[in-house]
Amino acid sequence: MATLKDITIRLKSVKNIQKITKSMKMVAAAKYSRAERALKPARVYGTGALSLYEKADIKAPEDKNKHLIIGVSSDRGLCGAIHSSVAKTMKNEIAKLTGAGKEVMVVNVGDKLRGLLYRTHGKHILINCKEVGRKPPTFTDASIIATELLDSGYEFDQGSVIYNRFRHVTERPLIGYLFHAENMGVYDDIDADVLRNYQEFTLVNIIYYSLKESTTSEQSARMTAMDSASKNASEMIDKLTLTFNRTRQAVITKELIEIISGAAAL
Amino acid sequence: MMAARLLLRRAAPALRQVRGYAEAVTSATQMSFTFASPTEVFFKAASVKQVDVPTMTGAFGILPAHVPTLQVLRPGVVTVFSEDGSSSKYFVSSGSITVNADSSVQLLAEEAVPLESLDLAVRDTNKSYGFISILDISVSLFQPRCSPNYSLLISNKPTKSYQWVF
């Protein structure tokens, strides 16, 4: 049975934490609404960029050996299972591809992913990106990532981007994959130069789209996480307040008993 | 009843001239046009008559049932002719255009502004060649490996009017 002082200290700290999580939830809600508004045109843009691969029915050739995985997340935590789900999917993909004898390199967008993958898959990491998630992502950010990737000299044949796709504010984000393959036989009047430029541009578009979706998912997950944290904190406060009152009454009763028995002994 | 129909069908080829032309295009006669920049959508699966685009290999117009192609854009003006005959012009900095076999066209521009929001008067009074802005960075970061003949600087003024300099 804790003393009155301990309970008071605990109660004060839980109340402070509840204030913090409530304000974090409101900040996340504001950022989420902004991100969702920006996601609408970005979705049209991104699905337009991807529609080529759906319509032309381009299949990834099986015998290509060099793979690239881009994992998109962010630097900051307290957002539920966002980072761990992306990292888990990336680990599964790496295991699957190395099991099939392919060479895999990984680009981490977001410091959290680096922390999760560094120890076990450190030799697969090609590029790490920091300072992600503080400000809304722009097309410039996506082009910086793509330029770094293209300048790194890793000639990959096939790639996939693993990100959290945003569905609905109360649903858990899904993991989305995008594949980016090579043969374009049906298209007319294309020379190698144009094709290369086109593919580089499409790469940036895909990265931009996944960044936008990822930030929206992150903000909505942070909102729900902070909301449940605040609820848990208020439950704890209720329980602690009851314990506090009981303890206080017990202390008063004890003092009274002492006084009375002392008086009775005289 | 069936015999009569069969007879009719047999009779028809004799009356009609059989000519050997290329296979008729069975795909949609409507173009599903999507024109977007990373921050704004101008057309989404819209049905338009014609689109004129400036590409690295030359300017061309795209009508419905155009042969599938992929092209990279150069800085220039995109003109969209809609179904009712009116046209709208947009200035694009760079990007790509995809024409698919089912006559859908995706025009993805890195920066695109309607021509009306470009202020020529500002251009004439203020020739600041050294002005670099975030738009310029994105144009030059995304420069295709073949260099264009001219480069444009576009700056974003806080009053929401654009200034362009040659």
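Keep in mind that what you see is a predicted model, and the values were worked out from it rather than measured. Computed from heavy atoms alone, side chains included, the values below leave out hydrogens, waters and symmetry copies. Chain letters run A, B, ... following the sequence lines, proteins first and then strands; every chain starts at 1.
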Visitor: Compute whether any side-chain donor of one residue and acceptor of the other, for A/Glu218 and A/Ser74, lie under 3.5 angstrom apart.
Guide: yes
Visitor: With sequence neighbours excluded, tell me which residues meet ring-ring contact (aromatic ring centres under 6.0 Å, His included) with B/Phe60.
Guide: B/His66
Visitor: Who pairs with A/Glu131 by side chain to side chain donor-acceptor pair (under 3.5 Å), at least two apart in sequence or on another chain?
Guide: A/Arg134
Visitor: Would A/Ser210 and A/Ser214 count as having a side-chain donor-acceptor pair, cut-off 3.5 Å?
Guide: no
Visitor: Less than 6.0 Å separating the ring centroids of A/Tyr32 and A/Phe166?
Guide: yes
Visitor: Measure distances from B/Thr34 to the heavy atoms of chain A and classify the residue's part below 4.5 Å as side chain, backbone, both or neither.
Guide: side chain
Visitor: Using heavy atoms and a sub-4.5 Å threshold, report which of residues 37-49 of chain A line up against chain B, by residue number.
Guide: A/Pro41, A/Ala42, A/Val44, A/Tyr45, A/Gly48, A/Ala49
Visitor: Start with the C-alpha gap between B/Gln71 and B/Thr57, add the side-chain angles, then the distance that decides, and say whether side chain to side chain donor-acceptor pair (under 3.5 Å) holds.
Guide: CA-CA 8 Å; B/Gln71 295 291 345; B/Thr57 49; 3.2 Å; yes
Visitor: Testing the 3.5 Å rule here: is there a donor-acceptor pair between the side chains of A/Tyr198 and B/Thr98?
Guide: yes
Visitor: Between B/Ser37 and B/Glu110, do the side chains contain an N or O donor and an N or O acceptor separated by less than 3.5 Å?
Guide: no
Visitor: With a 4.5 angstrom heavy-atom cut-off, is it the side chain or the backbone of B/Ile97 that approaches chain A, or both, or neither?
Guide: backbone
Visitor: Do A/Phe139 and A/Val204 pass the side chain to side chain contact (heavy atoms under 4.5 Å, CB included) test, and can you show the C-alpha distance, the side-chain angles, and the key distance before you say yes or no?
Guide: CA-CA 8 Å; A/Phe139 195 76; A/Val204 184; 3.7 Å; yes
Visitor: Drop me the distance from A/Ile82's CD1 to A/Lys112's NZ, to the nearest 0.5 angstrom.
Guide: 12.5 Å
Visitor: Applying a criterion of heavy atom separation less than 4.5 Å, what residues of residues 44-55 of chain B form contacts with chain A?
Guide: B/Lys44
